[in-house]
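In what follows, a structure is listed as structure tokens, so that the remarks can point back to it.
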Amino acid sequence: MNNVVIKGRLASEPEMEITNSGKKVCRIQVAVHRRFQKEDADFFQVVAWEKKGEFIYNYFRKGQEILIRGVMQSSHYEQDGIRRIQWRLVADDIEFCGPRIEAKPSEVSLPQAEEKPDNHITQEEILKYNLDELYEPMESDDFPF
């Protein structure tokens, strides 16, 4: 079974990209403190596709707490003659954690990404992202790696 749950803070601003096939993918890095060594943290590379990615891109900022459930995926590549493996968490479920933080408009604007006219997030806006409706089958051509 491949099921991973992490709770941590965004270590960087969310980055939205568009694949060659036109799919949206949001990339974030999440810092998770170790249970018994609070001064140490592990950093997870996380990708979220389409509406889940838009949700993160529009409502989360660096330093904000986030809870993510997903699956780990590996990709293999060769660099300087050495075979390497890179691991990513592909987000299936995303939740807010900690105190409410007002969203700020993204500094990087993509015409395909949904823009918010103001800085206030209403409960209705959060609830409109029914995560059960966000699952879409993915083709291997859609993977960014």
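We count residues from 1, following the sequence as given.
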ILVMFWY cluster, [X] and [Y] together (side-chain gap under 4.5 Å):
| X | Y | result |
| --- | --- | --- |
| Val71 | Val47 | yes |
| Met72 | Ile56 | yes |
| Val32 | Val4 | yes |

Should we count [atom1] of [X] as having more than 12 external heavy atoms under 6.0 Å?
| X | atom1 | answer |
| --- | --- | --- |
| Asn20 | CG | no |
| Arg83 | CZ | no |
| Arg84 | CZ | yes |

query: Would you say the side chains of Gln86 and Arg88 form a donor-acceptor pair under 3.5 Å?
result: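 The criterion, which ignores hydrogens and geometry beyond distance, is satisfied for Arg88 and Gln86.
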So how far is it from [X] [atom1] to [Y] [atom2], rounded to the nearest 0.5 Å?
| X | Y | atom1 | atom2 | value |
| --- | --- | --- | --- | --- |
| Gln64 | Glu13 | CD | CD | 9.5 Å |
| Trp49 | Cys26 | CH2 | SG | 11.5 Å |
| Lys51 | Ile94 | NZ | CD1 | 13.0 Å |

task: Take the angle between the ring planes of Phe55 and Phe96 and call it parallel below 30°, perpendicular above 60°, tilted in between.
output: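 Answer is perpendicular, since the angle exceeds 60°.
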Heavy atoms, side chains only, cut-off 4.5 Å: are [X] and [Y] in contact?
| X | Y | answer |
| --- | --- | --- |
| Leu89 | Val30 | no |
| Ile28 | Ile66 | yes |
| Ile68 | Phe44 | no |
| Gln45 | Arg27 | no |

- request: Determine, step by step, whether Arg9 and His33 satisfy the side chain to side chain contact (heavy atoms under 4.5 Å, CB included) criterion, reporting the C-alpha distance in whole Å, the side-chain angles of both residues, the deciding distance to 0.1 Å, and the verdict.
  value: CA-CA 9 Å; Arg9 293 187 181 273; His33 285 288; over 6 Å; no
Check whether [X] reaches the backbone of [Y] with its side chain - one donor and one acceptor, N or O, closer than 3.5 Å.
| X | Y | result |
| --- | --- | --- |
| Glu50 | Lys24 | yes |
| Asp92 | Arg69 | no |
| Arg61 | Tyr57 | yes |

task: Please report the shortest heavy-atom distance between Phe60 and Pro14, naming the atom on each side.
output: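 Minimum heavy-atom contact is O-CG, 3.4 Å.
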query: Of all heavy-atom pairs between Ala48 and Lys52, which one has the smallest distance, and what is that distance?
result: CB-C, 4.0 Å
